[in-house]
Amino acid sequence: GKFPYRTIIYSAIKKSGKTEIGGGITYSFCRLYGGSAYSIANDEDQAASRMWQRVVEVLELMRRKNPALYTQVIHSDHWEKIFKGRVIKFADGGQVNPGPHTLEYIPNDYKGEAGGMPSLTDWDELWAYASTAAERLWTEMQPIPTLPVSMRLVTTYAGFYGESHLLYSIYEALVDPDPHTGEPRGERVPGLEDLPVFRKGSYFCYWDEEPRMPWHTPEFMDEARNDPSLNGREQEYERIWRNRWVTGLDAFLPMSIINARMAEGDALGLVNHMAGM
């Protein structure tokens, strides 16, 4: 009657449906198991606009297309409160975990969530949780063993060496190759050997570096690589479009652009009054 894993990591390249999958799992969890679920992101705007928004869109569609089902799922007087507050209140029927049966979005604030009893926590882009406060929140919001069903869900792509400590510690334990064997440190999941899936203890990790979606065509990927905003920042392309760890030491602008602008300024007669100071 228990899930085999309590922490699930789904990591793939950009535009792989991570947020949609997170929203689908979270909504299904709230309907099937209940308890207090949380959508967590690095700041409040991100927490409200990612997975949380996907769930709200599903409920809004249900309210218009299938009002009878909607009244079974959400308390009838609760719709307006979803937009004015930050809590979705689910009906109590068919739940496994003790109530209240809610989904709430929260920013990265471990002090405000101390002592909670989360049945589900959904973490968006864990690579950005780089502070001590973020690590404390991760510890504070861990699965609760006394609940019938309790788990963590992470959707993210790779981060920066030396910065994204929380995510890297998980990656290192499950995915990173052992220097002696060349094999990932985590165990391959039986039956899923053809996929980049690894497990260790109560952790389950899917870590994919390949473009697999129908829209990830060679033309799409070439366009992403040649995006002007990534000009000279090859490591950022590797991180978000290949899901690979990078150092974060790329210059924001390549020297070729800086030198060209300097030459242009010289030709216009611009003077650097800070030179020699």
Side-chain angles (χ1 to χ4, degrees), residues 1-11 18-19 21-42 46-47 50-52 54-55 86-90 92 94-156 159 164-175 185-187 189 192 197-207:
K2 295 287 186 179
F3 285 166
Y5 310 105
R6 299 178 72 80
T7 300
I8 312 294
I9 297 95
Y10 173 51
S11 183
K18 296 189 294 296
T19 301
I21 288 175
I25 293 174
T26 300
Y27 172 76
S28 300
F29 187 99
C30 291
R31 290 287 309 278
L32 293 172
Y33 303 110
S36 300
Y38 296 87
S39 169
I40 305 173
N42 208 38
Q46 184 179 351
R50 299 289 180 88
M51 181 278 291
W52 165 274
R54 302 301 195 275
V55 175
R86 61 190 206 184
V87 179
I88 298 173
K89 190 175 178 183
F90 289 87
D92 293 341
Q95 306 292 350
V96 174
N97 289 320
H101 305 303
T102 57
L103 172 60
E104 178 179 359
Y105 72 81
I106 61 172
N108 182 356
D109 177 16
Y110 78 96
K111 294 180 181 178
E113 305 307 323
M117 290 284 287
S119 58
L120 173 72
T121 54
D122 184 305
W123 304 74
D124 187 62
E125 301 300 354
L126 193 63
W127 65 269
Y129 292 70
S131 65
T132 300
E135 294 177 1
R136 290 173 178 168
L137 179 64
W138 176 263
T139 302
E140 193 66 49
M141 301 293 281
Q142 63 184 293
I144 306 299
T146 56
L147 290 177
V149 182
S150 183
M151 60 179 285
R152 282 186 291 217
L153 174 66
V154 176
T155 54
T156 187
S164 309
H165 301 292
L166 182 56
L167 179 60
Y168 188 75
S169 65
I170 300 171
Y171 174 86
E172 186 177 35
L174 279 84
V175 186
R185 290 183 169 91
E187 176 190 3
V189 179
L192 298 176
V197 179
F198 314 95
R199 67 182 183 184
K200 189 171 187 178
S202 64
Y203 278 71
F204 176 99
C205 180
Y206 176 94
W207 194 283

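Between the CD1 atom in Ile9 and the CG atom in Leu126 there is a gap of 8.0 Å [rounded to 0.5 Å]. In this structure, Leu103 CG and Trp52 CH2 are separated by 5.5 Å, a value rounded to the nearest 0.5 Å. In this structure, CD1 on Ile170 lies 7.0 Å from CZ on Arg152, to the nearest 0.5 angstrom. Once rounded to the nearest 0.5 Å, the distance linking CG of Leu174 with CD of Glu172 reads 10.5 Å. In this structure, Glu125 CD and Ile40 CD1 are separated by 14.0 Å, a value rounded to the nearest 0.5 Å. Between the OH atom of Tyr38 and the CG atom of Leu120 there is a distance of 11.0 Å, given to the nearest 0.5 Å.
Judged as a side chain to side chain contact (heavy atoms under 4.5 Å, CB included), and not counting sequence neighbours, the contacts of Thr139 are Gln142. Shown here are the salt bridge (charged side-chain N to carboxylate O under 4.0 Å, His left out) partners of Arg199, two or more places apart in sequence or in another chain: Glu187.
Leu166 is not listed as a side-chain neighbour of Trp123, based on a closest heavy-atom distance of 4.5 Å or more. Between Phe90 and Tyr27 the shortest side-chain heavy-atom distance falls below 4.5 Å. With a 4.5 Å cut-off on side-chain heavy atoms, Pro118 and Ser150 do not count as touching. With contacts defined as side-chain heavy-atom distances shorter than 4.5 Å, the pair Ser119/Phe29 qualifies. In this structure the side chain of Met141 reaches within 4.5 angstrom of the side chain of Ile106, judged on heavy atoms. Proximity of Val154 to Tyr129: side-chain heavy atoms (C-beta onward) are nowhere separated by under 4.5 Å.
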Fill in: Stepwise side-chain contact (heavy atoms from CB on, under 4.5 Å) test for Thr155 and Thr19
CA-CA 7 Å; Thr155 54; Thr19 301; 5.5 Å; no
Discussion item. For Thr26 and Ser39: C-alpha separation, side-chain torsions, deciding distance, then whether side-chain contact (heavy atoms from CB on, under 4.5 Å) applies.
Written reply: CA-CA 9 Å; Thr26 300; Ser39 169; over 6 Å; no
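By the 30° and 60° cut-offs, the orientation of the rings of Tyr206 relative to Tyr10 is tilted. Below 30°, between 30° and 60°, or above 60°: for Phe3 and Tyr33 the angle between ring planes is above 60°, a perpendicular geometry.
Under the 6.0 Å cut-off for aromatic ring centres, Trp207 and Phe198 do not qualify, their centroids lying 6.0 Å or more apart.
Between Val175 and Cys205 the shortest heavy-atom distance is CG2-SG, 3.8 Å. Between Met117 and Leu147 the shortest heavy-atom distance is O-CD1, 3.9 Å. Closest approach of Tyr203 and Tyr5 over heavy atoms only: O-CD2, 3.9 Å.
With hydrogens and angles disregarded, a donor-acceptor distance shorter than 3.5 Å links the side chain of Ser11 to the backbone of Thr156.
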